[in-house]
Amino acid sequence: MSPLTDFKTLTVIVILAFLLSIAAIGFCPHYIPIHFSGGHADRFVNKYLGLFLFPVLMAVALILHKFEFKTAWGIYFLALLHLYLLYHAVF
């Protein structure tokens with residue numbers, strides 16, 4: 001098994017996603033952008049939904065991975081989306 005798809009590695013990534021969301025709560029406005037069109041944000045969501053949606057999906061994928069589903073790369077993809085959302089939410 002590859003170290004990138006190891007359960008412990010994926011667990012650390014999911015925990016880091018939750019910790020980053022918790023750390024970003026104080027820096028985000030009440031509504032954060034989730035969709036951009038023409039360089040401008042045109043859709044917004046509540047900051048709690050926006051910050052914790054991807055980590056929750058990552059946790060679900062981690063549970064599925066424990067039951068031998070091939071979800072490791074989906075967790076990495078969600079982690080990248082989460083970092084992108086955090087960047088636009090905070091800056």
Taking [Y] as the starting point, is it possible to reach [X] by hopping between hydrophobic residues whose side chains are less than 4.5 Å apart?
X	Y	value
V12	F77	no
I32	F44	no
L20	I22	yes
L86	L81	yes

For Y76, ring-ring contact (aromatic ring centres under 6.0 Å, His included) partners two or more places apart: W73
CD1-CG distance between I13 and L78, expressed to the nearest 0.5 angstrom: 11.5 Å
Spatial distance of atom OG (S2) from atom CG (D6) [nearest 0.5 Å]: 8.5 Å
[X] to [Y] - nearest heavy-atom pair and separation:
X	Y	result
A72	L10	CB-CD1, 3.8 Å
P29	A89	CD-O, 3.5 Å
L85	G50	CD2-O, 2.6 Å

Near-ring test F36/H40, centroid separation under 6.0 angstrom: no
Derivation and outcome, side chain to side chain contact (heavy atoms under 4.5 Å, CB included), residues R43 and S37: CA-CA 9 Å; R43 298 205 194 227; S37 179; over 6 Å; no
Under 3.5 Å, sequence neighbours excluded: what are the donor-acceptor pairs made by side chains of residues 51-69?
| unit_1 | atom_1 | unit_2 | atom_2 | d |
| --- | --- | --- | --- | --- |
| H65 | ND1 | F69 | O | 3.4 |
| H65 | NE2 | T5 | O | 3.1 |

